[in-house]
Amino acid sequence: MTMRLNKLMPLSLAMSMTIPLGGLALSFFSLDKKGMNRLPFFVMSMFYFFLLIKIPPLGDLYRRYLEISAYGPGTRFSDIAGVHTDVLLYVNGWIFQLLKIPFFFIPAFYGGLMCYLLLASFRNVTLIKNSGIEDRPVSCGKLALTYFTVFSTLNILNLVLGIRYGTSLVFMIYAVTSYYSRGKIRCGLFIALSILMHFSMAFVFLVFLGSLFVRVEKKFVIPLSIFFGLLSAVALRSILPSISFMGVGDYAMGGYVDGSFSSSPNDSNTIVVALITRLLGFASLIFYLLSKSELKGYDRFLNVFIPSCFIMSISYTAMGRYLNIAQYLLAIRLCYIYLFSAGINSVKFRILLRNFLVVFALLSLLVINIYTQRRTLSMGGLWSYAWTSPVFLLSYSENDFDKYLNDIDYDGYWIKHR
């Protein structure tokens with residue numbers, strides 16, 4: 001397939017190296033209705049790559065830093081594989097250590113990769129053959145809004161701070177969308193990478209396999225979700241102890257069912273943000289269920305996966321992680337509905353959906369992405385790199401990165417705001 005180049009693309013590339021935020025904005029209007037849009041996706045992902053070079057290693061990212069920085073010349077692959085079930089990040093970190101590449105390039109690389117693959121996942125969905133859709137006109141405004149919505153839903157700072165889960169989530173979404181549009185080999189490769197990055201994605205893979213044989217109609221999605229939620233405690237306590245592979249069952253029971261990850265948060269800020277997130281997810285589900293269109297295969301997986309998430313309802317963290325995936329999939333599906341007016345027979349419904357996508361994008365970007373990670377943005381001074389040329393990052397070194405470590409405690413919290 002030949003690469004199509006929008007006339008705004010050269011300007012977008014130039015601005016991304018001078019005023020990154022301007023280059024990012026232009027990239028949404030550089031999208032081509034019929035192209036693969038690799039260059040616009042590249043500009044969008046490079047915006048995050050440069051922004052994340054200076055991200056402070058807080059939370060789970062700090063623990064990954066401690067583990068990876070401990071690797072030395074005598075560390076072998078077998079030493080890593082013998083300790084970790086999901087080895088991909090650690091092998092990557094080990095290779096970076098051997099090549100003397102600083103750790104701060106790891107979150108920047110994976111952050112950019114997550115952005116590119118999530119945008120490509122939406123493109124994959126638009127490539128799914130669906131009769132009556134291919135020839136429908138698509139306006140530049142609709143194209144920009146739908147891709148901006150997908151871009152905004154990516155809670156990039158949170159996903160990078162929990163880098164293994166965040167990357168595996170996007171790998172799995174890309175794998176599923178590739179299966180229905182771009183080929184089974186690509187799908188299999190990214191499923192393998194996803195599970196090797198974070199073993200929790202094995203559950204999504206099993207549900208995906210199940211969806212190839214089991215069909216659930218839209219009208220049963222909510223009743224089944226309630227049923228599985230009520231069944232959760234009995235199901236998980238019966239199944240998990242019997243999983244002996246590399247201690248996964250005991251680990252899940254101790255951490256996610258009976259451990260600290262099973263309980264819900266008790267601070268007001270986290271509760272409010274979680275409530276906003278799930279309300280957006282529930283509203284997305286309602287729009288999806290009301291749509292009369294059907295997207296081959298994709299809807300079949302979605303209708304099975306959403307109820308399956310509630311099998312984990314005994315564990316707040318586990319259910320939340322799988323619901324995040326469902327919410328990304330629903331956002332992509334709604335963008336498809338709006339872009340092609342698929343299954344929309346009412347002008348009022350179309351306008352309501354458009355307004356919802358705008359609200360969804362803004363709340364995701366401003367509240368879920370920026371407000372919840374304001375300390376990370378403040379500590380790293382990341383705000384300025386949205387409009388400062390990436391050239392100024394050339395002076396950033398490991399010594400600058402090490403200065404962060406003096407202000408971070410062993411649990412990965414910024415000491416000033418502990």
Side-chain angles (χ1 to χ4, degrees), residues 36-37 41 86 88 110 113-130 133 146-147 149-151 153-155 159 164-216 218 221 224-225 281 284-285 288-289 291 293-312 318-337 339-340 342:
M36 296 297 284
N37 289 309
F41 294 171
D86 27 23
L88 186 56
Y110 279 108
L113 185 61
M114 285 184 225
C115 179
Y116 187 97
L117 290 179
L118 191 67
L119 293 166
S121 296
F122 176 50
R123 179 201 61 202
N124 288 348
V125 171
T126 66
L127 295 175
I128 298 175
K129 293 182 179 179
N130 199 3
I133 297 297
T146 51
Y147 274 103
T149 301
V150 173
F151 178 86
T153 60
L154 186 65
N155 189 356
L159 293 181
R164 292 188 306 125
Y165 163 71
T167 308
S168 66
L169 175 153
V170 177
F171 279 174
M172 186 58 73
I173 291 173
Y174 183 75
V176 170
T177 59
S178 293
Y179 180 84
Y180 301 114
S181 62
R182 306 203 64 199
K184 296 177 176 58
I185 295 177
R186 189 186 299 259
C187 168
L189 172 63
F190 276 91
I191 284 176
L193 290 174
S194 179
I195 294 173
L196 286 173
M197 181 62 77
H198 202 286
F199 197 74
S200 65
M201 292 301 127
F203 173 74
V204 185
F205 173 55
L206 292 175
V207 176
F208 171 70
L209 287 180
S211 71
L212 300 178
F213 304 97
V214 177
R215 181 185 295 273
V216 174
K218 282 184 179 181
V221 169
L224 275 177
S225 298
S284 300
L285 175 62
Y288 164 66
L289 295 178
S291 168
S293 67
E294 182 178 358
L295 197 55
K296 290 181 183 178
Y298 188 90
D299 285 3
R300 184 166 176 165
F301 170 68
L302 201 53
N303 294 348
V304 174
F305 182 68
I306 292 172
S308 299
C309 294
F310 290 87
I311 294 175
M312 302 292 173
M319 184 176 72
R321 287 181 172 180
Y322 294 122
L323 282 176
N324 288 341
I325 299 174
Q327 193 153 326
Y328 282 119
L329 293 169
L330 281 169
I332 288 172
R333 185 65 175 89
L334 290 191
C335 287
Y336 177 89
I337 293 171
L339 184 63
F340 294 110

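The figures here come from the full heavy-atom set of this structure, side chains too, leaving out hydrogens, waters and symmetry mates. Owing to the predicted nature of the structure, the values given are computational and were not obtained by experimental measurement.
- Partner of Arg333 under the side chain to side chain contact (heavy atoms under 4.5 Å, CB included) criterion, chosen from Val125, Leu285, Leu295: Leu295.
- Taking the six-membered ring where the residue is Trp, Phe208 and Tyr180 present perpendicular rings, their angle passing 60° and hence far from 30°.
- Nearest heavy-atom pair, Leu193 versus Leu88, reported as atom, atom and distance to 0.1 Å: O-CD2, 3.6 Å.
- Counting heavy atoms from C-beta outward, Tyr336 and Thr146 have side chains that stay 4.5 Å or more apart.
- Tyr298 pairs by the ring pair (Phe, Tyr, Trp, His ring centres under 6.0 Å) definition with nothing, not counting sequence neighbours.
- Rounded to the nearest 0.5 angstrom, Leu329 CG and Ile325 CD1 are separated by 7.5 Å.
- Contacts of Tyr165 classified as side chain to side chain donor-acceptor pair (under 3.5 Å), with partners at least two apart in sequence or in another chain: Asn324.
- The minimum heavy-atom distance linking Val150 with Thr153 is given by the pair O-OG1, 2.7 Å.
- Applying the side chain to side chain donor-acceptor pair (under 3.5 Å) rule to Asp86 yields the partners Arg164; only residues at least two apart in sequence or on another chain are considered.
- Between Thr167 atom OG1 and Leu196 atom CG the span is 13.0 Å, to the nearest 0.5 Å.
- When all heavy atoms are compared, the tightest approach of Ile332 to Ser121 is CD1-CB, 4.1 Å.
- Residues satisfying the side chain to side chain donor-acceptor pair (under 3.5 Å) criterion with Tyr110, sequence neighbours excluded, are Asn92.
- Every side-chain contact (heavy atoms from CB on, under 4.5 Å) that Ser200 has, sequence neighbours left out, goes to His198, Tyr322.
- The heavy-atom pair separating Ala175 from Ile191 by the smallest distance is CB-CG1, 3.6 Å.
- Lys218 meets the side-chain contact (heavy atoms from CB on, under 4.5 Å) test with Tyr288, Leu289, Ser291, Asp299, Asn303; sequence neighbours excluded.
- The distance from the CD1 atom of Ile306 to the CD atom of Gln327 is 10.0 Å, given to the nearest 0.5 Å.
- Scored by the side-chain contact (heavy atoms from CB on, under 4.5 Å) test, Arg186 finds Tyr174, Ser178, Arg182, Phe190 as partners (sequence neighbours excluded).
- Residues Ser194 and Met201 come closest through the heavy atom pair OG-CG, 3.1 Å.
- Contacts of Phe310 classified as ring pair (Phe, Tyr, Trp, His ring centres under 6.0 Å), with partners at least two apart in sequence or in another chain: none.
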> Going through the checks in order, is the side chain to side chain contact (heavy atoms under 4.5 Å, CB included) test met by Phe171 and Leu113?
Replying inline: CA-CA 9 Å; Phe171 279 174; Leu113 185 61; 3.8 Å; yes

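- Aromatic pair Phe41/Tyr147: centroids less than 6.0 angstrom apart.
- Of all heavy-atom pairs between Ser284 and Leu330, the closest is CB-CB, 4.1 Å.
- Checking side-chain atoms of Arg215 against main-chain N and O of Arg300 turns up no donor-acceptor pair under 3.5 Å.
- Asn124 pairs with exactly one of Ile173, Val176, Thr177 by the side chain to side chain contact (heavy atoms under 4.5 Å, CB included) rule, that one being Thr177.
- Counting heavy atoms from C-beta on, the side chains of Leu154 and Val170 come closer than 4.5 Å.
- With rounding to the nearest 0.5 Å, the separation of OG in Ser293 from CD1 in Ile337 is 4.5 Å.
- Applying the side-chain contact (heavy atoms from CB on, under 4.5 Å) test to Leu209 and every residue at least two apart in sequence or in another chain returns Phe205, Leu212.
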